[in-house]
Amino acid sequence: MLNILKDMQRDITGLKDGLTGMQQDISGLKDGLTGMQQDISGLKDGLTGMQNEIKGIHEEIIGIHGETNRLYGEMSGINVELKAIKSDLHEQKQELSSFKQQTNTRFDKIDLQLDRMENENQHAILSRLKI
């Protein structure tokens, strides 16, 4: 009977040791869970930071889009102005061409008159010389 009690006492000691080991395992698991929770918290913070960066980038894109639209509007206005300038230049070119033609015609008439006057003067000088 004493042997049975000793065996039971060893079994109880073994159970106590087993419980102590399990408590240590549970404590280790708790520490692991605490570490995992901290990791998850860090990941959440990281994701929040990334979301904020994405929001900032999105706002920048919206700003760039607005600026692009504004610049496109300005470019359209400039294009209209350039077309008007081109039209004005074409008109001025036609006016200059017409003026050049008129001027050339006038110079031709003046040349003819000068030639006629020179011929008349030469004829008059020759007529006087024959006297």
Side-chain angles (χ1 to χ4, degrees):
M1 181 100 167
L2 190 58
N3 284 337
I4 294 175
L5 286 176
K6 284 183 181 180
D7 286 340
M8 286 175 69
Q9 200 173 20
R10 268 184 270 152
D11 290 342
I12 290 172
T13 302
L15 286 174
K16 282 183 182 179
D17 290 344
L19 283 175
T20 301
M22 289 173 76
Q23 286 174 336
Q24 290 172 346
D25 290 345
I26 290 171
S27 178
L29 288 172
K30 283 182 181 178
D31 291 345
L33 284 174
T34 300
M36 289 172 80
Q37 286 173 336
Q38 290 172 349
D39 290 346
I40 289 170
S41 178
L43 289 171
K44 283 181 182 178
D45 291 345
L47 286 174
T48 300
M50 291 170 95
Q51 285 174 332
N52 289 337
E53 283 186 44
I54 290 169
K55 285 178 186 176
I57 291 169
H58 182 71
E59 289 173 5
E60 284 183 36
I61 289 170
I62 290 171
I64 290 169
H65 182 69
E67 183 69 11
T68 302
N69 285 341
R70 186 188 66 75
L71 290 173
Y72 181 75
E74 282 184 27
M75 286 173 45
S76 294
I78 290 170
N79 194 28
V80 169
E81 289 177 26
L82 287 175
K83 285 181 181 179
I85 290 169
K86 182 180 177 184
S87 177
D88 287 347
L89 287 174
H90 183 70
E91 265 184 50
Q92 289 176 2
K93 182 181 175 185
Q94 287 178 334
E95 288 175 9
L96 283 173
S97 179
S98 175
F99 179 75
K100 179 182 174 186
Q101 192 174 18
Q102 290 172 1
T103 303
N104 286 340
T105 302
R106 286 181 188 153
F107 281 134
D108 288 344
K109 287 180 182 179
I110 290 170
D111 280 343
L112 286 174
Q113 284 178 345
L114 287 173
D115 286 344
R116 196 172 344 123
M117 288 171 67
E118 186 178 346
N119 285 338
E120 287 173 2
N121 283 339
Q122 284 178 357
H123 183 54
I125 290 172
L126 286 175
S127 296
R128 285 187 186 158
L129 287 176
K130 286 184 184 180
I131 302 179

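All residue numbers refer to positions in the sequence shown, counting from 1. In what follows, every heavy atom counts, from backbone to side chain, and hydrogens, waters and symmetry copies are set aside.
The side-chain hydrogen bond (donor to acceptor under 3.5 Å, both in side chains) analysis of residues 13-32, with sequence neighbours excluded, yields no pairs.
Rounding to the nearest 0.5 angstrom, the gap separating the CD1 atom in Ile12 from the CG atom in Leu19 is 11.5 Å. Rounded to the nearest 0.5 Å, atoms CG (Leu43) and CE (Met36) are 10.5 Å apart. Taking CD of Glu95 as the start and NZ of Lys100 as the end, the distance is 16.0 Å to the nearest 0.5 Å. Here CZ of Phe107 is found 8.0 Å from CG of Asn104. Values are rounded to the nearest 0.5 Å. In this structure, the separation between CD on Gln9 and CG on Leu5 is 8.0 Å, given to the nearest 0.5 Å. Remark: Glu67 CD to Ile62 CD1 distance equals 14.5 Å, nearest 0.5 Å.
Not a single side chain to side chain contact (heavy atoms under 4.5 Å, CB included) links Lys86 to another residue, sequence neighbours left out. Residues passing the side chain to side chain donor-acceptor pair (under 3.5 Å) test with His58, sequence neighbours excluded: none. With sequence neighbours excluded, the residues that form a side chain to side chain contact (heavy atoms under 4.5 Å, CB included) with Glu74 are Arg70, Leu71. Checked against side chain to side chain contact (heavy atoms under 4.5 Å, CB included), Ile125 has the following partners two or more places apart in sequence or in another chain: Leu129. With sequence neighbours excluded, no residue forms a side chain to side chain donor-acceptor pair (under 3.5 Å) with Gln51.
Using a 4.5 Å heavy-atom cutoff, the side chains of Lys109 and Thr105 are in contact.
Side-chain N or O atoms of Thr68 include one that pairs as donor or acceptor with a backbone N or O of Ile64 at under 3.5 Å.
Atom CD of Gln101 is surrounded by 12 or fewer heavy atoms from other residues, nucleotides or ligands within 6.0 Å.
For the side chain to side chain contact (heavy atoms under 4.5 Å, CB included) test with Asn79, the passing option among Met75, Glu81, Lys83 is Lys83; the others fail.
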